[in-house]
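Below, chain A is the first sequence line, B the second, and so on; all start at residue 1.
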There are 2 protein chains.
Amino acid sequence: MPASTSQCGHKPSGLQTHCKDCSLVGLCLPLSLNVEDIDQLDDIIKRGRPLKKGDHLFRQGEPFQSVYAIRSGAIKTYVVTDAGEEQITGFHLPSEVVGMAGIDSDTHAVSAVALETTTVCEIPYERLDDLAMELPQLRRQLMNLMSREIREDQQMMLLLSKKTADERIATFLVNISGRYRLRGFSAHHFRLPMSRNELGNYLGLAVETVSRVFTRFQEQGLIEANGKEVSLINPNELYAMAGGRCE
Amino acid sequence: MPASTSQCGHKPSGLQTHCKDCSLVGLCLPLSLNVEDIDQLDDIIKRGRPLKKGDHLFRQGEPFQSVYAIRSGAIKTYVVTDAGEEQITGFHLPSEVVGMAGIDSDTHAVSAVALETTTVCEIPYERLDDLAMELPQLRRQLMNLMSREIREDQQMMLLLSKKTADERIATFLVNISGRYRLRGFSAHHFRLPMSRNELGNYLGLAVETVSRVFTRFQEQGLIEANGKEVSLINPNELYAMAGGRCE
DNA sequence: CGTATTATTGAATACCATCAACAGACGTGG
DNA sequence: CCACGTCTGTTGATGGTATTCAATAATACG
């Protein structure tokens, strides 16, 4: 199954696509730019060929030159400790921008890898920074994106520090459901792009715990799950269990 | 004891202080600005009277108007869940900037409270944003600050997700030690501005666990602790235990 | 079609939280 | 200055939640 891009009306943008034709223009960096400004941003963006599942977009420690907006597919970002264990820091869907944790150093702070076939827009940071000088809206949008990421990471700290396994999974499901809806996909039925293992890693749980909670949620009639296919049967209950704040 | 400002040569800046006279100029927002640019930044900064321990600098949900650079003292930031429980998202020392998680909304995303007598520089965001248009260095520094915060939050996610209680405390001690050294204070002897309770909350541990780890570390000759006074006896061992990455 | 990876389920263990009691620090007011 | 109450910190005993270990089942992949 060709994943997300086929689930709704989004056109999988071809290599030549421009920002103004992209269905994600209302969510992505160009948000609130006027037409001429969008063209300027468009000029500095490089559109590469698709990444296959498992391909790295960049690796922790590599020279930092660009940030990347996801056009289709899904990306996970992760950090590795000295001990070699990895911590997934985020799953990223179309319109989201990855790589911003590397801005203040000359190397990438995280690694980014495709979870499925994925296309991205590469945005050279030097040129983006120049452009941000001229376009106040763009500068604000950049700051907003980073601010939002800080807020989401802090919500994640809350989750990892205070929530039970059930609450973590519920929070995750409600959160990703909302993000799919924002992008025009079904909020109640979707295919998770990540494995149970990656989900557990991200949520601070063992794989087995993730599995157990999924089966328990099914027994309780909260969800139906068949591998990575998930349907939310009782979103309200999940939302309550998640403790409200999910986005 | 009048806390941090008396521990080394830093002059506790009076109300009239300007950025160019501030001992923190090499760590704070003005970093890498030239003299004239610093004056421009200086013009938009409001310097208020000190906050007493327990005073709120701002509260989650209040209108977002400014970010704040800490001049002396210490601040904790925290989020509260719908259930009313709080998660501390950071402890902040002089030269650090708080409030940036609220940039992309019109309300503050976290609350900020003084842990001891604290002075701050208020920086109205609208004017900072305007100034960022003219001063490329300032814009970069702002982006750098946010980028760094994202990285630190992600390291925190790693800690909360993967580390044991011992590793968490060791990581915290090594981290704050380095931050004190950066600011010209002793790296091996300091007074923690937060309670055991707050430390546990931040690190995802129960108060009792924090207490036990502190006593165990003392028995092992790693530290000496007397309430909030802490000496690092064997920093190398602590560093190893922390798993390297601490900043 | 066979192998490797991923997912599920069960049993035993470990780590930390919780509960409870006490000790010490702090601050207030007598 | 000391008595008092409150808050914070320490220590011990117990229990729960999630991990770990182990085995099997299902899925993906060449």
Enquirer: Round to a whole Å and report the spacing from CD1 of B:Ile169 to C1' of C:dC15.
Expert: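 Going from B:Ile169 (CD1) to C:dC15 (C1'), I get 14 Å.
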Enquirer: By a strict heavy-atom criterion of less than 4.0 Å, which residues belonging to residues 214-224 of chain B are in contact with DNA chain C?
Expert: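 Contacts with DNA chain C under 4.0 Å: none.
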Enquirer: Report yes or no: do B:Thr81 and A:Lys162 form a side-chain donor-acceptor pair below 3.5 Å?
Expert: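 The criterion, which ignores hydrogens and geometry beyond distance, is not satisfied for A:Lys162 and B:Thr81.
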Enquirer: Report the distance from atom CG of B:Leu160 to atom C1' of C:dA17, rounded to the nearest whole Å.
Expert: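 These atoms are roughly 16 Å apart.
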Enquirer: Between A:Ser95 and A:Arg183, is any side-chain donor less than 3.5 angstrom from a side-chain acceptor?
Expert: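 Short answer, yes.
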Enquirer: Without decimals, in angstroms, what is the distance between A:Leu115 CG and C:dT6 C1'?
Expert: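 From A:Leu115 CG to C:dT6 C1': 15 Å.
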Enquirer: Below 4.0 angstrom, N of the basic side chain to O of the carboxylate: do B:Glu86 and B:Lys76 qualify?
Expert: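 Yes, this pair counts.
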Enquirer: Indicate the atoms forming the closest heavy-atom contact of A:Glu224 with A:Ile233, along with that distance.
Expert: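 Looks like N-CG1, 3.8 Å.
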Enquirer: What is the separation between atom CD on B:Glu229 and atom C1' on C:dG24, rounded to the nearest whole Å?
Expert: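 The distance from CD of B:Glu229 to C1' of C:dG24 comes to 16 Å, rounded to the nearest Å.
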Enquirer: Near DNA chain C, counting only heavy atoms under 4.0 Å, which residues of residues 194-211 of chain A show up?
Expert: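 The stretch gives A:Ser195, A:Arg196, A:Asn197, A:Glu208, A:Ser211 as the residues lying under 4.0 Å from the strand, ordered by number.
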Enquirer: Just the endpoints, please: which first and last nucleotides of DNA chain D, 5' to 3', lie under 4.0 Å from a heavy atom of chain B?
Expert: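 For DNA chain D, the relevant span reads D:dG9 to D:dA13.
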Enquirer: Without decimals, in angstroms, what is the distance between A:Asn226 CG and C:dT6 C1'?
Expert: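 Going from CG in A:Asn226 over to C1' in C:dT6 covers 14 Å.
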Enquirer: Expressed as a whole number of angstroms, how long is the span from B:Lys228:NZ to C:dG24:P?
Expert: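 After rounding, the gap between these two atoms is 18 Å.
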Enquirer: Scan side-chain atoms only and decide if A:His56 and A:Ser111 contain a donor-acceptor pair under the 3.5 Å cut-off.
Expert: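 No - no donor-acceptor pair under 3.5 Å links their side chains.
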